[in-house]
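The structure appears right after this line, and notes come after that.
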Amino acid sequence: MVVKPAEKKRLVVGISGASGAILGIRFLNALKELGVESHLVISPAAEKTINQETGWQVSQVQELASAVYRYEDIGASIASGSFKCDGMAVIPCSIKTLSAIANSYSADLLARAADVTLKEGRPLLLVVRETPLHPGHLRLMTEAANAGAVIFPPVPAFYAKPHSIEQVVDDMVGRALLRLGIDNDLYTRWT
Ligand SMILES: Cc1cc2nc3c(=O)[nH]c(=O)nc-3n(C[C@H](O)[C@H](O)[C@H](O)COP(=O)(O)O)c2cc1C
C-alpha cells in the first residue's frame with residue numbers, strides 16, 4: 001500500500017462584481033498567510049469594482065493567488081470535477097453570479113467551477129452582497145442553498161465592537177474561512 005503525505009489545503013476562489021472587492025482580496029491574503037493554495041478567477045465586473053473600491057491593481061490581487069485562470073477559459077482545470085480541492089468561495093458574490101450558480105448556467109469559468117463544486121459535493125460558500133433583496137433574490141438564494149451552497153452574506157458582527165473597516169472585513173473573512181473548515185484568528189470569538 002502506498003501512503004501519500006497529507007496534501008496542502010486547496011480552495012477555488014471566485015471574485016465577482018458585487019460591492020466588497022476588499023473581502024475577496026483579504027480572503028486571498030489570509031489563504032496565503034495560512035499556507036492554503038488558492039485558485040483564482042475574477043469576473044470582468046469584479047475588475048471594475050477592484051479598481052473603483054480599492055487601491056489595488058487587478059494584477060496585484062492576482063499575485064496573491066497560487067494560480068490564476070481566465071474568466072472565459074471554461075476548459076481550465078477548475079472546470080472539472082477531477083480537479084481535487086477542498087471547496088470554493090465566491091467572495092463577494094453578485095446577484096448575477098448567484099443566479100448563474102443557482103441555475104447551473106455555466107457560461108463562464110467562475111459559474112462552472114461553482115457548479116462543479118456543488119456536483120462533487122464540496123463546500124461552496126457564496127458571500128452574496130446586495131440590499132435590499134426582492135423575492136427573486138431570495139428565491140435564488142434558496143435554490144442555491146437547496147443545491148448545497150452556503151449563503152454567507154457579509155453581515156458585520158457588531159457585538160465585536162469593531163473600530164475600523166479593516167476589523168469588520170477581517171471578522172467576516174475569518175468567519176467565512178472557519179465555515180470552510182479553515183481555522184484562523186481573524187475573527188472575534190464570543191466569550
Ligand atoms: C461599484 C459597483 C458596485 C456593485 N455592487 C453590486 C452589489 O453589491 N451586488 C450586486 O449584485 N451587483 C453589484 N454591482 C453590479 C454587478 O457588478 C453587475 O451586475 C455585474 O454584471 C455582475 O457581474 P459578475 O457577476 O459576472 O461579476 C455593482 C457594480 C459596480 C460597478
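Remember, it's 1-based here, ligands and their atoms both numbered in the order they're listed.
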Atom pairs and distances, donor-acceptor, side-chain atoms in residues 76-83, under 3.5 Å, two or more places apart:
{"unit_1": "S80", "atom_1": "OG", "unit_2": "S82", "atom_2": "N", "d": "3.0"}
{"unit_1": "S80", "atom_1": "OG", "unit_2": "S82", "atom_2": "OG", "d": "2.8"}

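- Residues with a heavy atom under 4.0 Å from ligand 1: S16, G17, A18, S19, S43, A45, T49, Q52, Y71, S94, I95, K96, T97, R129, E130.
- Within the structure, ring pair (Phe, Tyr, Trp, His ring centres under 6.0 Å) contacts touching residues 106-136 (residues at least two apart or in different chains) are H134-H137.
- I22 and V41 fall into different hydrophobic clusters, defined by Ile, Leu, Val, Met, Phe, Trp and Tyr side-chain heavy atoms under 4.5 Å apart, directly or through other members.
- Under a 4.0 Å N-O distance rule, the pair K9/D183 does not qualify as a salt bridge.
- Pairs of residues two or more places apart, or lying in two chains, that qualify as ring pair (Phe, Tyr, Trp, His ring centres under 6.0 Å) and include a residue from residues 147-170 are Y159-W190.
- Around the NZ atom of K48, the shell of radius 6.0 Å holds no more than 12 heavy atoms that belong to other residues, nucleotides or ligands.
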